There are 2 protein chains.
Amino acid sequence: MQVTSFCAIVSIMKVTHSQLSKDAKRSSCPIACVLDILGDKWTLIVVRDLFFGKTTYSEFLASEENIPTNLLAERLKRLTSAGVVERIQYQDRPKRYAYHLTEKGQDLHHVLVALVGWGNKYIPETISLKEIEKRVTIGGSDSKGDDLLK
Amino acid sequence: MQVTSFCAIVSIMKVTHSQLSKDAKRSSCPIACVLDILGDKWTLIVVRDLFFGKTTYSEFLASEENIPTNLLAERLKRLTSAGVVERIQYQDRPKRYAYHLTEKGQDLHHVLVALVGWGNKYIPETISLKEIEKRVTIGGSDSKGDDLLK
DNA sequence: TGTTGTAACTTGCATATTTAAAGTTACTAT
DNA sequence: ATAGTAACTTTAAATATGCAAGTTACAACA
């Protein structure tokens with residue numbers, strides 16, 4: 001049997017269109033490229049939590065926005081493979097993992113500050129960075145959110 | 001006939017769950033609220049085009065990212081109802097419309113600049129703001145993208 | 001008069017993603 | 001032996017996306 005077309009190859013590979021183009025950029029525009037990584041309703045919420053010192057899967061799950069658990073898992077994988085976060089095993093028996101922002105992830109600081117600034121200015125009932133910190137951190141304890149609070 | 005439950009009312013109204021909660025915030029966190037408006041792969045691309053002086057439906061369609069036409073229509077409606085853009089009829093017979101950023105929309109400047117900065121720093125092959133301007137504007141003509149270029 | 005062209009959308013449908021809920025694995029604690 | 005917890009995975013239904021084709025309202029040309 002001879003493969004006669006690109007589509008035939010694709011069907012043999014059992015690769016869908018979205019998988020095929022998963023790493024193909026839509027354009028070389030930085031905005032489009034960044035949106036391919038961060039452009040959805042949940043990813044930057046996880047990044048926010050990381051800025052405020054959350055590190056574990058169950059801590060992210062506990063945030064008031066209630067991210068579905070499968071989406072949290074998928075987003076953490078995406079952020080990890082994008083080099084924005086690192087996953088570190090901090091305990092054996094039972095195995096436990098901590099997620100941390102890499103330098104690349106910490107540099108999203110400016111993006112989050114810009115979003116908070118715009119939200120606070122134009123969306124009523126929106127709370128300030130300091131108030132977010134109180135809500136996000138568990139009991140306002142050992143937060144690194146000061147990174148965000150400048 | 002008497003309406004006996006909230007669900008009955010909802011079914012009479014023919015309102016789905018997502019429509020019901022369309023304006024209900026996930027939280028009072030400004031990041032979450034902003035993502036409810038801008039958090040997808042296309043919305044900020046349209047905003048980018050507006051910053052670079054594009055105003056018409058067909059101009060947005062012509063961008064190299066190739067937004068599907070139904071999504072463009074939906075996003076323009078969302079941005080309009082969010083007060084980020086204005087739709088103005090600039091001609092009768094045949095009717096033609098122009099979209100413009102409101103002041104609220106122009107204030108997204110900082111967000112776009114932060115995204116471009118991060119993208120240029122961490123995503124290879126990503127072009128600069130000046131190069132984006134050349135690609136986005138039709139022949140580099142009468143762009144207002146200087147707003148973005150500071 | 002009829003044909004072609006264009007802007008600004010809308011509609012239909014297949015596929016992909018999201019959501020909510022339940023299930024899994026590997027342990028610790030009682 | 002039973003219950004509890006962290007970190008996920010799986011499933012199925014609802015919703016959103018992507019692509020193509022269709023619509024409306026005109027203008028311009030032959």
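If you're wondering where the values come from, they're calculated on a predicted model, not measured in any experiment. In what follows, chains are A, B, ... by sequence order, proteins preceding strands, each numbered from 1.
Comparing dC8(D), dT19(C), dA7(C) against the side chain of Tyr97(A) picks out dC8(D) as the nearest.
Trp42(B) has a side-chain polar atom (N or O) that falls below the 4.0 Å cut-off from OP1 or OP2 of dG18(D). At dA8(C), one or more side-chain N or O atoms of Thr56(B) fall inside 4.0 Å of OP1 or OP2 (strictly under the cut-off).
Within the helix from dT1(C)-dA30(D) to dT30(C)-dA1(D), the inter-axis angle between the opening and closing five-pair segments is 10°, rounded to 10°.
Sequence neighbours left out, the pairs with a member in residues 110-131 of chain B that pass ring-ring contact (aromatic ring centres under 6.0 Å, His included) are Trp118(B)-Tyr122(B).
One cannot find a donor-acceptor pair under 3.5 Å joining the base of dT17(C) and the side-chain atoms of Asp40(A).
Note on Tyr99(B): only backbone sugar-phosphate atoms sit closer than 4.0 angstrom, heavy atoms only; bases stay farther off. Contacts of Leu71(B) with the nucleic acid, taken as non-hydrogen atoms under 4.0 Å apart, involve only primed sugar atoms and P, OP1 or OP2.
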Check: protein-nucleotides 21-26 of chain D nitrogen or oxygen pairs below 3.5 Å:
none

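DNA chain D is contacted by Arg75(B) of residues 72-91 of chain B, taking any non-hydrogen atom closer than 4.0 Å. Taken residue by residue, residues 30-37 of chain A places no heavy atom nearer than 4.0 Å to DNA chain C.
The salt bridge (charged side-chain N to carboxylate O under 4.0 Å, His left out) check on Glu74(B) picks up Arg78(B), with sequence neighbours excluded.
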